[in-house]
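All remarks here apply to the structure that follows.
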Protein chains: 2
Amino acid sequence: MSHTDAPAATPRRDQIRREAARLFAARGFLGVGVDEIGKAVGITGPGLYRHFPGKDAMLADLLVGISERLVDEGRRRAQGADAAAALDALVRGHIDFALDDQDLITLHDRELLHLKDEDRRRVRRLQRSYVELWVDVVRRAFPEPSGLAGEPGARAAVHAVFGLLNSTPHSAAARGAQPVLDRDSMAALLHRLALGAFSAAAGTAGHDR
Amino acid sequence: MSHTDAPAATPRRDQIRREAARLFAARGFLGVGVDEIGKAVGITGPGLYRHFPGKDAMLADLLVGISERLVDEGRRRAQGADAAAALDALVRGHIDFALDDQDLITLHDRELLHLKDEDRRRVRRLQRSYVELWVDVVRRAFPEPSGLAGEPGARAAVHAVFGLLNSTPHSAAARGAQPVLDRDSMAALLHRLALGAFSAAAGTAGHDR
DNA sequence: CAATGGAGTTAATTAACGTTAACTTACAGG
DNA sequence: CCTGTAAGTTAACGTTAATTAACTCCATTG
């Protein structure tokens, strides 16, 4: 009741969410004016204030939303005794997000700094939970005599693999008419890249150089 | 002569470059004012105009600079007949950039959209050259019956590995007092993750699912 | 010693943007 | 039919930010 109140999902509000996400991803939060967002949904700028208390609130809504969905879906997939299977499920789930919600994935780690302190703390907490989820699974999947059994190493590897999986928007940025990979091929490729990265990092720590 | 003229490296200008990069990385290009940049180097905002023609020009200078350095250093490292050795050298070189110039790596793929068309085209060209460099080496390092022999697959994999290597700023964002990895451990970890990713993606295309 | 130009300063200009106010319209319910 | 409310509109307000103008201050140099 004290924090930013619940979202509520009317059709108009959902439309605003979609268009705002698209515009923020394309030109940055500060680079988009409320008039522009309004125009994208067929109303004037100030009309948006019937649906959101302000521009900041739209961004907060988007980032909290995607963060919660990531954690919820992640928790669902991480359970079960078999750590290798859990990791596989986490990777697949994240790939789905990265491919289906490119705009949100882009905003998620780019516009965090434009949130008001309270909202930023909230999103950070959720992001931290999501990372913890992965770190635990990774450490169980690659136990003791491995390069990923330790906290800091596993954490850094997880961050790095997030960077890898979230790279889709950058690949797609070269869109136009090129013969890019179709969704399934891209998903399969990302899956192999991610698991291959973890396996190699887990392998005996000293075969580089 | 028609495009943005040559940089020229006076001490003051270099100082401005450093501080501007730091501030842009921390709060975004549109989120920092010229007065703030001025203050960081000990002068007032308008004083900056003796050294750069405008705020846009500072960003352009930074992005063109890092892009050129990446391509130059990349070309140097990619030469030689042994494709595997060349790939290894490219990875090591990129890791050095990612660890030593975190601010610039952050800006490099985040603030591109705030450049004027002409500068953006120029940076895009350089980035494309850099990707080409990697794609060629990857395809030679993992030839025909491999998942990375084809153009689109190799290109997507390279983008993904860039995302992985450029993840350092995000890891470091959790800075504070945590026992993060020291530079050498981080470099070694990233190296294993990157090469492991490529190897796994190259391996026979159908062992997932 | 005069003059020139680089490096700053403060003040003014201009444009844009988020938000609020006041007013309109359409429709749902008693 | 009347009334209230949700969802818009246009106009106005207050701020902020980039850039330019006009002016000082030195340090060099002819």
Side-chain angles (χ1 to χ4, degrees), chain A residues 4-63 107 111 113-120, chain B residues 4-63 107 111 113-120:
Chain A
T4 313
D5 50 3
T10 145
R12 182 59 114 190
R13 242 187 283 260
D14 284 344
Q15 186 193 14
I16 294 171
R17 272 185 261 260
R18 256 195 318 277
E19 295 303 309
R22 186 177 57 81
L23 289 168
F24 290 160
R27 289 210 274 294
F29 175 67
L30 295 174
V32 180
V34 291
D35 290 350
E36 216 171 339
I37 303 173
K39 195 169 192 179
V41 302
I43 65 179
T44 64
L48 294 169
Y49 286 72
R50 297 286 166 192
H51 304 280
F52 287 94
K55 193 186 163 196
D56 294 351
M58 296 181 208
L59 182 63
D61 181 283
L62 293 174
L63 296 197
L107 300 179
E111 309 287 356
L113 54 125
H114 295 120
L115 289 182
K116 280 174 299 190
D117 289 1
E118 187 189 334
D119 294 320
R120 184 166 53 248
Chain B
T4 314
D5 50 2
T10 144
R12 183 58 114 187
R13 243 186 283 259
D14 283 344
Q15 185 193 14
I16 295 172
R17 271 186 263 259
R18 258 195 316 277
E19 296 302 308
R22 187 177 56 79
L23 289 168
F24 290 160
R27 287 208 277 292
F29 175 68
L30 295 174
V32 324
V34 292
D35 289 351
E36 216 172 340
I37 303 172
K39 196 170 192 178
V41 302
I43 65 179
T44 64
L48 294 169
Y49 286 72
R50 297 288 165 191
H51 305 280
F52 288 93
K55 193 186 161 195
D56 294 351
M58 295 181 209
L59 181 62
D61 181 281
L62 292 174
L63 296 197
L107 300 179
E111 310 287 355
L113 53 124
H114 296 121
L115 290 181
K116 280 173 300 187
D117 289 2
E118 187 189 334
D119 294 319
R120 185 166 54 247

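Protein chains get the first letters and strands the later ones, always in sequence-line order, with residue 1 at the start of each. Remember, it's a predicted structure, so these values are computed and weren't measured experimentally.
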Any residue meeting side chain to side chain donor-acceptor pair (under 3.5 Å) with B/Arg18, in chain and number order, not counting sequence neighbours: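 Scan of B/Arg18 (side chain to side chain donor-acceptor pair (under 3.5 Å), adjacent residues dropped) gives none.
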Atom pair CG (A/Leu30) and CD (A/Glu111), whose distance is rounded to the nearest 0.5 Å: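 A/Leu30 CG to A/Glu111 CD: 7.0 Å, rounded to 0.5 Å.
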Pairs under 3.5 angstrom, nitrogen or oxygen only, protein versus nucleotides 24-27 of chain C, please.
none

Residue-phosphate contact under 4.0 Å: A/Thr44 side-chain N/O, D/dG8 OP1/OP2: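 Answer is no, no contact under 4.0 Å.
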Option among A/Leu115, A/Leu62, A/Leu113, A/Leu59 that satisfies the side chain to side chain contact (heavy atoms under 4.5 Å, CB included) test with A/Phe29: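 In the set A/Leu115, A/Leu62, A/Leu113, A/Leu59, the residue that makes a side chain to side chain contact (heavy atoms under 4.5 Å, CB included) with A/Phe29 is A/Leu59.
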Nucleic acid footprint by protein, nucleotides 14-21 of chain C - heavy-atom cut-off 4.0 Å, B for base, S for sugar-phosphate alone: ----SBB-
Mind listing the N/O atom pairs, protein and nucleotides 3-7 of chain D, below 3.5 Å?
none

Stepwise side-chain contact (heavy atoms from CB on, under 4.5 Å) check, B/Met58 with B/Asp61: CA-CA 5 Å; B/Met58 295 181 209; B/Asp61 181 281; 5.6 Å; no
Could you pull out every donor-acceptor pair under 3.5 Å between side chains of residues 39-49 of chain B and any protein atom, sequence neighbours left out?
none

Evaluation steps, side-chain contact (heavy atoms from CB on, under 4.5 Å), between A/Lys55 and A/Phe24: CA-CA 11 Å; A/Lys55 193 186 163 196; A/Phe24 290 160; 4.3 Å; yes
A/His51: side chain to side chain contact (heavy atoms under 4.5 Å, CB included) partners, not counting sequence neighbours: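 Checked A/His51 against side chain to side chain contact (heavy atoms under 4.5 Å, CB included); matches are A/Arg12, A/Arg13, A/Ile16.
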pair B/Asp14-B/Arg17: side-chain heavy atoms closer than 4.5 Å: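 Contact flag for B/Asp14/B/Arg17 side chains = yes.
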Any side-chain heavy-atom pair of A/Leu107 and A/Leu63 under 4.5 Å: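 Yes, their side chains come closer than 4.5 Å.
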Protein-nucleotide distance (B/Gln15, atom CD; C/dG8, atom C1'), rounded to Å: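 Whole-Å distance recorded here is 14 Å.
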Interatomic distance where CZ belongs to B/Phe52 and P belongs to D/dT19 [whole Å]: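 Rounding to the nearest Å, CZ of B/Phe52 and P of D/dT19 are 13 Å apart.
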